[in-house]
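Comments concern the structure below.
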Amino acid sequence: MMPTSPFNVLYLSAEMVPYARTGGLALVAAALPRALRQLGDDVRVILPRYGLIDPEQHRLERIIESFPVPFENGMEMAGLWQARDAEVPTYFIEHGRFFGDRQGIYSFPDDAERFIFYSRASLEACRRLGWQPHVIHCNEWHTALIPNWIRTIYAADAFFADTAVIYNIHNLAYQGIFGHRVLEIAGIASYGFMVHPQVSSGLNEAVSMMARGIIFADIIVTVSPTYAREILTPEFGEGLEPVLRDRQNRLIGILNGIDLDRYDPAADPNLPAPVLADDPKGRTACKVALQAEAHLPIRPQVPLISVTSRLTDQKGYDILTTVLEPLLRHVDAQWLIMGTGEQRYHDLLSDLQRRYPDRLALFLTWEERLARRIFAGADVFLMPSRHEPCGLDQMVAMHYGAVPVVRATGGLADTVIDHHPPVVGTGFTFRNYDGMALYAAIVRALEVYRHPSVWSAIQRQGMGRDFSWTQPSYAYQDLYRRARSLKLTGAPV
Ligand code: GLC
């Protein structure tokens with residue numbers, strides 16, 4: 001089981017639980033490095049030391065007072081901290097102006113500078129630690145210049161001579177698009193601006209950090225096999241499909257897992273009762289408690305449909321809101337929607353909630369505790385995303401016994417098996433992105449819900465699936481091996 005030669009892997013992500021989290025990336029960044037360490041690789045993580053990370057709570061200690069990082073035309077000083085008790089060695093780049101003085105993670109006017117600095121400081125930190133990475137695993141646009149640097153300003157640097165770079169796309173919709181000046185800040189302006197004949201002029205006149213990662217990495221990986229195919233098309237490629245097609249032979253999709261230590265429905269302290277695959281009593285208790293908490297009528301038999309995603313179009317709210325009112329009016333089902341997002345959806349849902357108080361409960365917030373109670377207590381878990389690179393919640397929902405109704409896109413297509421008698425599925429899927437297709441899938445699910453034995457067979461099927469990180473971590477290890485051999489044989493990128 002142990003690989004013959006464990007790798008030193010530097011894993012870089014702008015967010016990671018428990019330190020800083022906005023989305024699924026933070027969960028993946030915690031779970032994958034841990035799974036890889038269990039396979040024997042020396043994986044280490046570096047994060048920015050955002051002001052919101054409490055040094056006492058996480059037992060951070062400063063290990064390097066101050067070291068210089070090339071930045072723009074000169075040097076900026078950084079400090080290096082380490083979390084004392086972390087299972088995966090985790091370091092933090094300290095810089096007051098860029099990170100320490102800010103409470104948030106993203107959406108500052110100088111985000112380009114901040115993440116270029118974080119990326120460059122992370123490379124220099126390895127040198128300071130005397131720890132030579134065999135592979136650098138970069139995530140999202142925040143670290144996308146690293147593959148570019150390794151092929152340019154670090155090309156003649158002995159310390160990184162054998163370092164291969166993996167570039168991991170989690171969501172192509174966030175590319176990090178900036179003006180030409182970012183190349184000066186990053187010290188690569190002299191290598192020129194890049195244009196691609198098939199890319200739209202808008203993108204050619206700007207710097208897409210994501211594009212740089214795709215062009216220069218030894219291997220590009222994204223978070224599901226279906227998404228890896230979808231992004232080669234204009235519908236999903238966000239304008240980068242020509243660049244991705246050029247590098248298609250280096251592009252692969254590996255499905256994310258979920259952290260089964262984190263999500264254990266049989267022993268989740270947030271639930272009123274343990275949820276077990278072979279005993280429905282626990283789920284009934286969870287459903288009743290959820291109805292009470294949501295101020296819905298306590299009716300264990302009525303189907304309870306839930307949605308917990310951000311209130312945005314990407315997550316399917318544009319089509320959901322075209323069918324929600326007819327469903328509320330005509331179908332005896334309860335709805336529970338939790339999330340925050342675009343104001344127009346806050347308003348529209350609040351209005352529906354006022355008009356259908358016995359059928360719709362609305363939580364305009366996002367709470368982990370409530371999310372877990374929803375996975376355990378709702379019957380249907382809805383994720384009608386327009387695009388979904390992987391999606392983690394549908395897996396957690398199945399693991400907790402909720403039956404997903406999803407659009408068959410990206411990781412949703414790769415994780416939910418449509419129930420199609422005689423094949424017992426794990427949920428219900430629809431293909432076309434429109435209200436009618438969504439409506440039909442919901443109705444199909446509610447029809448099956450009327451047959452408790454079939455419904456519980458679907459639930460058991462979902463709860464029995466292996467969503468752990470075991471397989472994915474082997475796949476990443478293979479990828480590291482492949483990237484290394486491509487690098488060492490000097491194969492052109
Ligand atoms: C992004 C994607 C989501 C994926 C997550 C983790 O948030 O939008 O689909 O599950 O990254 O890879």
Side-chain angles (χ1 to χ4, degrees), residues 11-17 20-36 45 47 105-107 137-144 166-176 209-210 213 220-231 235-238 240 251-260 262-263 307-317 339-341 366 368 371 375 381-399 404 406-416 429 433 467-469 471-473 475-476 479:
Y11 191 93
L12 296 178
S13 165
E15 46 181 289
M16 174 196 189
V17 291
R21 168 182 188 180
T22 67
L25 173 62
L27 296 168
V28 172
L32 175 57
R34 192 152 68 93
L36 285 162
V45 182
L47 293 166
I105 300 177
Y106 312 121
S107 302
H137 187 144
C138 301
N139 290 285
E140 299 293 64
W141 72 261
H142 317 103
T143 52
I166 302 269
Y167 184 61
N168 197 333
I169 300 169
H170 294 257
N171 193 342
L172 212 52
Y174 303 101
Q175 279 182 36
M209 305 266 262
M210 185 77 100
I220 305 119
V221 59
T222 187
V223 288
S224 71
T226 295
Y227 192 60
R229 286 190 300 274
E230 287 173 338
I231 56 179
E235 190 187 345
F236 296 91
E238 301 285 342
L240 291 184
L251 170 66
I252 182 175
I254 298 177
L255 194 65
N256 286 333
I258 55 171
D259 181 348
L260 298 186
R262 184 181 177 91
Y263 300 109
V307 197
T308 66
S309 34
R310 263 178 298 119
L311 309 182
T312 60
D313 288 347
Q314 187 220 318
K315 297 295 182 183
Y317 273 91
T340 60
W366 193 88
E368 167 109 35
F375 299 139
F381 184 77
L382 192 60
M383 239 171 125
S385 304
R386 177 188 286 272
H387 63 90
E388 195 59 73
C390 179
L392 302 172
D393 282 352
Q394 81 279 10
M395 291 189 256
V396 184
M398 282 185 269
H399 192 55
V406 302
R407 172 153 189 250
T409 182
L412 297 172
D414 294 338
T415 53
V416 180
T429 69
Y433 189 71
F467 294 122
S468 74
W469 272 102
Q471 285 308 320
S473 57
Y476 273 99
L479 212 62

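Just follow the structure's listing: the first ligand is 1, and inside any ligand the first atom is 1.
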- Task: Identify the heavy atoms of A228 and L251 that sit nearest to each other, and give their distance.
- Result: O-CD2, 3.6 Å
- Message: Looking at every non-hydrogen atom in both residues, tell me the closest pair between F467 and M395 and how far apart they are.
- Response: CD2-SD, 3.6 Å
Pick out the protein N or O atoms lying less than 3.5 Å from any N or O of ligand 1, and list each pair with its distance.
{"residue": "ligand 1", "atom": "8 (O)", "partner": "N171", "partner atom": "ND2", "Å": "3.4"}
{"residue": "ligand 1", "atom": "9 (O)", "partner": "E388", "partner atom": "OE2", "Å": "2.6"}
{"residue": "ligand 1", "atom": "9 (O)", "partner": "C390", "partner atom": "N", "Å": "2.9"}
{"residue": "ligand 1", "atom": "9 (O)", "partner": "G391", "partner atom": "N", "Å": "2.9"}
{"residue": "ligand 1", "atom": "10 (O)", "partner": "G391", "partner atom": "N", "Å": "2.8"}
{"residue": "ligand 1", "atom": "12 (O)", "partner": "H170", "partner atom": "ND1", "Å": "2.7"}
{"residue": "ligand 1", "atom": "12 (O)", "partner": "N256", "partner atom": "ND2", "Å": "2.8"}

Is there a donor-acceptor pair closer than 3.5 Å between any side-chain N or O of [X] and the backbone N or O of [Y]?
X: W469; Y: L32; value: no
X: E230; Y: G410; value: yes
X: Q394; Y: G391; value: yes

- Between Y106 and H142, what is the ring plane arrangement, given parallel below 30°, perpendicular above 60°, and tilted in between? parallel
